[in-house]
Protein chains: 2
Amino acid sequence: MNYQEAKEKFISTWGSLGSLWGINKAMAQIQALLFISTKPLSMEDIMEELKISRGNTSMNLRQLMDWGIVTKEIIPGERKEFFSTEKDVQELARVVAKERSRREIKPVIKVLKEVSSIKDDGSKQTKELIKQTKALHELTDTMDVMINKVVNQNQNWLTKSLLKLFK
Amino acid sequence: MNYQEAKEKFISTWGSLGSLWGINKAMAQIQALLFISTKPLSMEDIMEELKISRGNTSMNLRQLMDWGIVTKEIIPGERKEFFSTEKDVQELARVVAKERSRREIKPVIKVLKEVSSIKDDGSKQTKELIKQTKALHELTDTMDVMINKVVNQNQNWLTKSLLKLFK
DNA sequence: ATAAACTTTCAATAATTACTGAAAGTTTAA
DNA sequence: TTAAACTTTCAGTAATTATTGAAAGTTTAT
């Protein structure tokens with residue numbers, strides 16, 4: 001496998017993985033492209049490499065910036081805007097975890113809390129609803145806290161100590 | 001909020017959360033319905049409650065069974081088939097983590113390993129590709145191992161000790 | 001063996017989500 | 001102030017994904 005093949009394979013795989021971390025294909029591919037680029041890229045560069053339209057590129061870049069994963073770079077003497085992504089995987093994981101927690105997990109935790117707090121009318125079905133949603137609430141909450149704690153540790157602690165801990 | 005409202009809110013929220021754990025809306029809603037039901041439900045029951053077609057119900061029940069989350073119950077004297085879901089949230093989390101790892105994470109790890117193992121031709125861009133995909137490979141692998149270890153611990157360890165550990 | 005009771009399959013269709021491209025908007029240089 | 005160079009927006013369209021419903025398949029009771 002040569003450079004070009006490896007690059008394409010990485011971008012397409014990372015793109016289809018988008019769903020796993022909650023973003024769409026183009027967004028994931030742009031991030032992947034920037035992630036392995038040796039320099040910031042312009043919108044033209046991105047459109048060209050990924051064969052996507054200007055509008056699509058613009059919208060997805062904006063979303064990546066909203067997530068805090070991509071930043072606009074001003075290059076002296078250049079009229080165009082250039083973009084680059086966070087290059088440190090640990091920091092990337094931290095941002096993604098934080099955003100997903102905020103956007104998706106926290107709202108669900110809120111609903112679970114509400115639902116599990118309804119008044120117990122003594123019926124079997126109400127008891128079951130309360131019991132099960134309470135258990136789900138506790139689990140989701142624990143997981144959420146844990147994931148955020150984990151990704152907020154520093155690099156050494158995460159890759160070395162933690163892995164050892166769970167061996 | 002009364003029982004019916006709480007039930008509907010739970011099912012619809014859990015359904016729209018489907019994407020977070022990688023399954024579709026109907027599938028998540030069927031699981032949610034079974035999760036708070038006090039007894040196994042027939043296909044008719046599910047169709048009726050969720051207002052979905054027979055075909056849809058059949059296909060999604062089959063998928064839930066493939067995941068190992070839902071089981072067919074044979075009730076003596078009944079001609080219909082009845083379905084119930086795993087009621088223990090810890091076990092549920094364990095199964096979901098295992099399946100997602102197998103279906104989605106493992107294949108990506110494989111690609112990352114391949115891509116990060118291409119021959120270094122000495123060029124700057126190849127070096128960057130190798131460096132970045134290697135970092136991603138390590139992170140993904142660590143996360144995958146960790147998540148599986150965590151969900152495979154017993155209940156007490158997970159909810160008590162682990163949470164304390166990361167406080 | 002037959003038929004009733006039930007489940008599965010799958011082609012057609014609907015719903016959702018992503019993408020394009022051109023017009024409108026913005027910034028910069030002269 | 002103008003116009004060239006660039007970015008954003010968004011209505012229309014394409015692609016993808018989910019759902020229906022009816023026909024085919026299966027099981028069970030007689």
Side-chain angles (χ1 to χ4, degrees), chain A residues 11-34 40-67 70-84 100 103-104, chain B residues 11-34 40-67 70-84 100 103-104:
Chain A
I11 291 172
S12 102
T13 303
W14 203 241
S16 60
L17 186 69
S19 68
L20 192 62
W21 50 297
I23 67 178
N24 76 30
K25 202 180 92 195
M27 202 173 148
Q29 290 190 341
I30 293 173
Q31 199 277 328
L33 177 63
L34 293 173
L41 301 180
S42 71
M43 213 152 87
E44 299 286 341
D45 295 335
I46 297 168
M47 286 166 60
E48 163 101 1
E49 283 270 8
L50 303 180
K51 302 274 182 284
I52 58 177
S53 72
R54 192 173 292 284
N56 200 5
T57 308
S58 173
M59 286 171 115
N60 284 112
L61 275 172
R62 131 106 61 170
Q63 276 215 75
L64 284 164
M65 288 188 281
D66 286 348
W67 274 67
V70 162
T71 50
K72 209 177 265 189
E73 307 274 329
I74 303 301
I75 296 191
E78 285 277 10
R79 187 73 171 272
K80 285 198 193 87
E81 294 174 334
F82 288 79
F83 301 89
S84 61
R100 292 210 82 187
R103 292 165 197 247
E104 300 174 79
Chain B
I11 290 173
S12 102
T13 304
W14 203 243
S16 61
L17 184 70
S19 68
L20 191 63
W21 51 296
I23 65 176
N24 78 27
K25 203 180 91 193
M27 201 172 148
Q29 289 190 341
I30 292 172
Q31 199 277 327
L33 177 63
L34 293 174
L41 301 179
S42 70
M43 213 152 89
E44 299 286 340
D45 295 335
I46 296 168
M47 287 166 60
E48 163 101 359
E49 282 271 9
L50 303 179
K51 303 275 182 286
I52 59 178
S53 73
R54 192 173 292 282
N56 200 5
T57 307
S58 173
M59 286 171 112
N60 284 111
L61 276 172
R62 131 105 62 169
Q63 276 215 75
L64 284 165
M65 287 188 282
D66 285 349
W67 275 67
V70 162
T71 50
K72 208 177 264 190
E73 307 274 328
I74 303 300
I75 295 190
E78 284 278 9
R79 186 74 171 269
K80 284 198 194 87
E81 294 175 334
F82 288 79
F83 301 90
S84 61
R100 291 210 83 186
R103 292 164 196 248
E104 299 174 81

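Here the structure is a predicted model, which is why all the values come from computation and not from measurement. Chain identifiers are assigned alphabetically (A, B, ...) following the order of the sequence lines, protein sequences preceding nucleic acid strands; residue numbering begins at 1 within each chain.
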Check: R54(B) and E44(B) side chains under 4.5 Å, non-hydrogen atoms
yes
For Q31(B) and W14(B), does a side-chain donor sit closer than 3.5 Å to a side-chain acceptor?
yes
Modelled atom types, side-chain donor and acceptor of D45(B) and S42(B), under 3.5 Å
yes
First locate atom CZ of F82(B), then atom NZ of K80(B), and finally report the distance between them rounded to the nearest 0.5 Å.
5.5 Å
In Å, rounded to the nearest 0.5 Å, how long is the span from CD of E49(B) to CG of L34(B)?
10.0 Å
Identify each atom pair where a protein N or O and an N or O of nucleotides 12-19 of chain D are less than 3.5 Å apart, giving names and distance.
residue, atom, partner, partner atom, Å
dT19(D), O5', N56(B), ND2, 3.4

Shortest non-hydrogen contact from I30(A) to I46(A)?
CG1-CG2, 3.9 Å
Considering all heavy atoms of both residues, which atom of M43(A) and which atom of T57(A) are nearest to each other, and what is their separation?
CG-CG2, 3.5 Å
Assess whether atom CZ of R62(B) is packed by more than 12 heavy atoms of other residues, nucleotides or ligands within 6.0 Å.
no
Pairwise 5' ranking along DNA chain D for R79(A) and F82(A), keeping only the more 5' one
R79(A)
Contact boundaries of DNA chain C with chain B (under 4.0 Å, heavy atoms), 5' to 3'?
dA4(C) to dC10(C)
Contact class for R54(A) (heavy atom, under 4.0 Å): base, sugar-phosphate, or nothing?
base
